[in-house]
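One structure below.
Chain identifiers are assigned alphabetically (A, B, ...) following the order of the sequence lines, protein sequences preceding nucleic acid strands; residue numbering begins at 1 within each chain.
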Amino acid sequence: MNSNTILEGLNPPQREAVEFGDGALLILAGAGSGKTKTLTHRIAYLIATDKAKPWEILAATFTNKAAGEMRERLATILGQENTRGFMPWMGTFHSLAVRILRQYGENIEIPKNFVILDDSDRLGMVKTAMKEIGVTEKQYTPRSIMSMISNAKNDCLTPTEYAEIAQAPNQQVAADIFPRYERLRKNGKALDFDDLLLETVRLLKNVKEVRDELRAKLKYILIDEYQDTNKAQYQIVKLLLNDAKNICAVGDDWQSIYSWRGADFTNILNFERDFPGAKIIKLEQNYRSTEAILNAAHNVISKNLQRSDKKLWTDQKGGSPVRIVPAMTETHEAEILVQKIRSEVDLRVRKYDDFAVLYRTNAQSRVIEEVFLRYGVPYKIVGGTRFYDRAEIKDLLAYLKLIYQPFDSASFQRIVNVPKRGLGDTSVAKFVAWQNMSGMSVVDALLNVELCNDITPRARESFLKLGNDLSDIAKLIEQLSPDEVIEKIVNKFDYRDYLSDGTPQAESRLENVAEFIGVAKSYADLGLAGFLEEVALVSSADQSAESAVTLMTLHAAKGLEFPAVFMVGMESGIFPGAKAEFDPAAMEEERRLCYVGMTRAREDLVLTFAQSRFLYGARQYNLPSPFLGDVDENFVKDSILQNNFYSSSLSDSFRQSSDQRLDYPNKSGNDGFGGLATTNAEPRFVPDDLELEIGDKVKHQIFGTGTVIKIEKSIVTVDFGVGKLKKLNVSFAPLKKL
DNA sequence: CGGTTGCACTTTTTT
DNA sequence: AGTGCAACCG
């Protein structure tokens, strides 16, 4: 590949960044300014000009998805096979850390086959530790303690160091729990997400040979989303850099939205201090959004005081104005989306996958899903209750982890009585205490349970059987692929029988198990260790091929773009969240989040809010988000609404908005918000009096023709062929009997 | 020991 | 609304 070809199609600052030679380089890249492109081309350029071999380059990204995307683009540019061996080292800091620790961790007493704790494992350990010192969950929520411990770890503090600086009462409690949590974790030969980074720092700091080996190997280090790196990540970078200091960081402080997780965007503002003589290049031309969208987004972010100064500009003058649309209720809000999406899809102006719906919290997705399902709008959810969070998958994973790492007590406690084997809290507590004293692994302790007094003969028998079953499978893991191991587990423990409990959910659980085995199969080449790592670190890779609207949180949307974007729930207390109300720094972060959301849109941006919303079991009346008022009314369609935003009393606000509701759809005419918008929470489709039976052929507007395979009251399950099962409500779904 | 019932609380955001 | 947890009973 010719290095000049790599420079084609880059604007002057992008090109400068790509061609920049050795030393420290900071690229301040505004939203949509071709950040990934620049980074990828720079890597390609380094390779093409022979500055470095692929394996001498390390690129840290924020998500695995971003790494995958870069890998793909790089392969295209270089015209090489997208094979693992050829590619530079690309991945999240966490996955890079896992790799380093698996290879070199034994130098600092980290077992090669450590397991990675997920959130609920961590929470469980915090709860156990809280019980030990007699702190109730009423006094302090386990979650808040966990986040304090997590923050301490992200600041690279040991339990002792944290105890020294702990001031407030809650910090002192956390300081008391911290070492206990650590003990539990270490007993299980486990690392949590924060440890992955922290232990990597410790390894690189303390083991000179490893540090030197990696420094000699890695000639160029590139970091994406630099504004979202935390202290530990920053230290890893510093420790990996050799004397040439070939670091290239890309970031945008305006898009820093992870400070709650320890990210520190001031590192971007301090780059010059950290790397004296660093070159700074700004990318300010936006290639993504129209001028109207960019201006509106700029209005919002401008209210922040803590930010670098830059001005994004675009060639795409004009564009359709940003819309601010009021809704009566959360259901009505979703129906507005349906109306707009449907009409544009029907007119072939857009496809379903041109749309994204962004919300502040995952809980908001449910109503939207319900309404989309009702009206037959196909959608896919990114994130949310993830596949790997489902109970049946977590059970199987726990078995898998325990077999892989026989010390993994957290996993053991999850599955010890799943399926039921007559082992209750009392017996398990006794066993765990004894196992801890004995120093044996969980599995060894199970096999030697007869040495443990104080356990009833019946329970003892049960423990022994479990131990035998587990070690039977453990003997096979060398020869079997991950999916075969799971299959063995499922069979040995009659797990399918356990799931078939006669409840309506049983079927989907069994499907999930099948899917899990399928996923494992696709990772067969990674082996069990690789598979477990993938599962622990990868967010749900939802790759449904069919065209569908994307639903996700604002956080999950970072780095993505869509022709049309809806931001829903633009209400005070939702977005910005209630917790930001009296916290200026948090408010600035919410504002950045709003900016991130708005700048995902290429052509159309619609902001919606509801007069009332059902939340936490009660109907709430929220004021429109202050961010809506920040948008200059010149950039907004129907800006007349703005005058009503800050009505003094809630009832006032409600009444005025009711008037708007009557007014609005007509005024909008046929621009996509008519019709449905006048309906309230009630669905409009009149049930067709479909008399369906199992086996009937039906036709659905979106999904096509299918066969009814199950009927529960008004919910029918229809098989639309090749495994496309859909649950539909006959009362609402546009179904026709054939 | 295990299942059931009733109560309380939840909500940021994610590797 | 749904879930998770504690207390109670069979």
Sugar-phosphate only, base, or nothing, as touched by [X] at under 4.0 Å among non-hydrogen atoms:
{"X": "A:K558", "answer": "nothing"}
{"X": "A:L423", "answer": "sugar-phosphate"}
{"X": "A:S95", "answer": "nothing"}

When you measure from the side chain of [X], which nucleotide among [options] comes out closest?
{"X": "A:R366", "options": "C:dG2, B:dT13, B:dT15", "value": "C:dG2"}
{"X": "A:S427", "options": "C:dC5, B:dC1, C:dA1", "value": "B:dC1"}
{"X": "A:D119", "options": "B:dT13, C:dA1, B:dT15", "value": "B:dT15"}
{"X": "A:A363", "options": "C:dC5, B:dT11, B:dC1", "value": "B:dT11"}

Check your understanding: In terms of the nearest nucleotide of DNA chain B, which residue is placed more toward the 5' end: A:T456 or A:A556?
Key -> A:T456

Review point. Taking the nucleotide of DNA chain B with the closest heavy atom to each, which residue, A:D194 or A:K420, is nearer the 5' end?
Key: A:K420

Exercise for review: Kindly state whether the pair A:Y258 / B:dT13 counts as stacked, where counting means centroids closer than 5.5 Å and planes tilted less than 30° apart.
Suggested key: no

Point to revise | A:Q171 CD: over 12 foreign heavy atoms closer than 6.0 Å | key: yes

Point to revise | Residue of the set A:T229, A:D228, A:D253, A:N230 for which side chain to side chain donor-acceptor pair (under 3.5 Å) holds with A:N267 | key: A:T229

Point to revise | A:N417 side chain near B:dG2 phosphate (N/O to OP1/OP2, under 4.0 Å) | key: yes

Check your understanding: Roughly how far apart, to the nearest Å, are C:dG4 and B:dT13 at atom C1'?
Key -> 22 Å

**Study point:** Distance-only polar pair, side chains of A:N170 and A:S144, donor-acceptor under 3.5 Å
**Key:** no

Exercise for review: Output, in order, the C-alpha distance, side-chain angles, deciding distance and verdict of salt bridge (charged side-chain N to carboxylate O under 4.0 Å, His left out) for A:R619 and A:E330.
Suggested key: CA-CA 10 Å; A:R619 189 150 285 283; A:E330 70 282 356; 3.4 Å; yes

Check your understanding: Taking CD from A:E533 and P from B:dT15, how many angstroms apart are they, rounded to a whole number?
Key -> 15 Å

Check your understanding: What is the distance, rounded to the nearest whole Å, between atom CZ of A:R592 and atom P of B:dT13?
Key -> 18 Å

